[in-house]
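I have placed the structure first, in the form of structure tokens, so that the comments after it can refer back to it.
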Amino acid sequence: MPELPEMEHYKLLLLQKLRGKTVSNVEVNREKSINVVPEVFLNNVKGHQIINIERKAKHLLFYLDNGHVLLLHLMLGGWMFYGKDEDKPDRTIQIQLSFGNEHLYFIGLRLGFLHIYNSKADVEKELAGLGPEPLSPNFTFTEFMALIEKRRGRLKTKLVDQQFLSGIGNCYSDEICFHAGTIPKRELNELSSSENKQLFESIHHVLKDALKHGGYMENPLFKGDTLTGGYNNLCKVYDREGESCLRCGSKIIKEMISSRKTFYCLNCQK
DNA sequence: AGGGCAACCCGGACGC
DNA sequence: TGCGTCCGGGTTGCCC
């Protein structure tokens, strides 16, 4: 569920809250969420300072002052809350990192995880298969075309393929296709050069716009956080089956493409 | 190589 | 209120 804009947004807020802070305590309530025995996890995290946080694709990487790196993937339904115990959400907490009297709660980690790696090199090896970052300055139209030319398949399927492009999921793939005016089930290699150009621009536009509005996650990251989730009611097609297209008024269609819910407007998208 | 699909996982929403 | 049922959905791995 959380995709690139959500994770980037989380990263920016968490950097403000956590950079330079020391983890005073660790609680692991769900051992499947970590990749080592709890004792090892605790020994490597407790008492250590968070020196930086980065995002790669839909992952967040928490760099510790002992060289270890925490790798977070929220997968489906995972989210976080940062705050005091009295403001803790009434939800099952899988993992809790404490920073004095404030805590970072990891919630809804069903398939999601917070893994620990011994070094930056180890975690980079783990993430080596990911495709380019769509918002990186290195990701030029030339590189985009090179990607397209060596791949086949449906637009939707490729957009959510993390080895093709990283960070785009089910919601933003639909929003990008709507913005580009292209039907998600079109074959990638049948798009015209102007459609490719538009697609490239739409990827940037939609992701940046979503980030600017705090992504679509509904839960605030901390008490008084009014920024997170601002994009939730700005989605044009995602999860709007049967509702009117905001551009032309036609009904939004839902269709399964590669066993994924896909939403689009037959009138606005060709 | 791409498409299709099952498995993973379990909180919480929903129904009775 | 309380208990049972079922859904969601990114990712991996397997098969065709």
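Naming: A, B, ... by sequence-line order, numbering from 1 per chain. Computation of the quantities below employed the complete heavy-atom set of this structure, encompassing side-chain atoms and omitting hydrogens, waters and symmetry-equivalent molecules.
Checking A/E187 against A/R110, the closest nucleotide of DNA chain B that is more toward the 5' end is the one next to A/E187. Projected onto DNA chain B by closest heavy-atom contact, A/T92 and A/R151 fall at different nucleotides, the more 5' of which corresponds to A/R151.
Boundaries of the chain A contact region on DNA chain B are B/dG2 to B/dA13, first to last in 5' to 3' order (nucleotide atom under 4.0 Å from a heavy atom).
Checked by atom type and distance alone, the side chain of A/D65 never pairs as donor or acceptor with a backbone atom of A/H48 at under 3.5 Å. With hydrogens and angles ignored, the 3.5 Å screen pairs no side-chain donor or acceptor of A/Q269 with any backbone N or O of A/G181.
DNA chain B lies under 4.0 Å from at least one heavy atom of each of the following residues of residues 29-36 of chain A: A/R30, A/K32.
Take A/Y105 and apply the ring-ring contact (aromatic ring centres under 6.0 Å, His included) test, not counting sequence neighbours, and it matches A/H103.
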Could you pull out every donor-acceptor pair under 3.5 Å between side chains of residues 161-168 of chain A and any protein atom, sequence neighbours left out?
from: A/D161; atom 1: OD1; to: A/Q163; atom 2: N; distance (Å): 2.9
from: A/D161; atom 1: OD2; to: A/K158; atom 2: NZ; distance (Å): 3.3
from: A/Q162; atom 1: OE1; to: A/G167; atom 2: N; distance (Å): 2.9
from: A/Q162; atom 1: NE2; to: A/V160; atom 2: O; distance (Å): 3.2
from: A/Q162; atom 1: NE2; to: A/I168; atom 2: O; distance (Å): 3.0
from: A/S166; atom 1: OG; to: A/G131; atom 2: O; distance (Å): 3.1
from: A/S166; atom 1: OG; to: A/P132; atom 2: O; distance (Å): 3.2

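Geometric assessment of A/K197 against the ring of A/F141 yields a positive cation-pi assignment under the 6.0 Å and 45° thresholds. Relative to the six-membered ring of A/F222, A/K17 meets both conditions, a distance below 6.0 Å and an angle of at most 45° to the axis.
With ring centers used as reference points, A/F81 lies 6.0 Å or more from A/F106. Taking the six-membered ring for Trp and the full ring otherwise, A/Y238 and A/F178 have centroids separated by 6.0 Å or more.
Annotation: side chain of A/I53 is not in contact with side chain of A/L61 (no heavy-atom distance under 4.5 Å).
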(request) Summarise protein proximity over nucleotides 10-16 of chain C in one line of letters, 5' to 3': B for base, S for sugar-phosphate only, - for none, counting protein heavy atoms closer than 4.0 Å. (result) BB-----

(message) One pair to check against side chain to side chain donor-acceptor pair (under 3.5 Å): A/T228 and A/D225. What are the steps and the verdict?
(response) CA-CA 6 Å; A/T228 300; A/D225 168 23; 2.5 Å; yes

(message) Under the criterion salt bridge (Lys or Arg N to Asp or Glu O under 4.0 Å), I'd like the reasoning laid out for A/E102 against A/K21: C-alpha separation, chi angles, the key distance, then a yes or no.
(response) CA-CA 11 Å; A/E102 296 188 313; A/K21 285 195 182 163; 3.7 Å; yes

(request) Evaluate the side-chain contact (heavy atoms from CB on, under 4.5 Å) criterion for residues A/L159 and A/I203: first the C-alpha distance (whole Å), next the side-chain angles of each, then the deciding distance (0.1 Å), finally the verdict. (result) CA-CA 9 Å; A/L159 283 176; A/I203 288 170; 4.2 Å; yes

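Rounded to 10 degrees, the angle between the two end axes of the helix from B/dG2-C/dC16 to B/dC16-C/dG2 is 40°, with five pairs used at each end.
A/L60 CG to A/L70 CG: the interatomic distance, rounded to the nearest 0.5 Å, is 10.5 Å.
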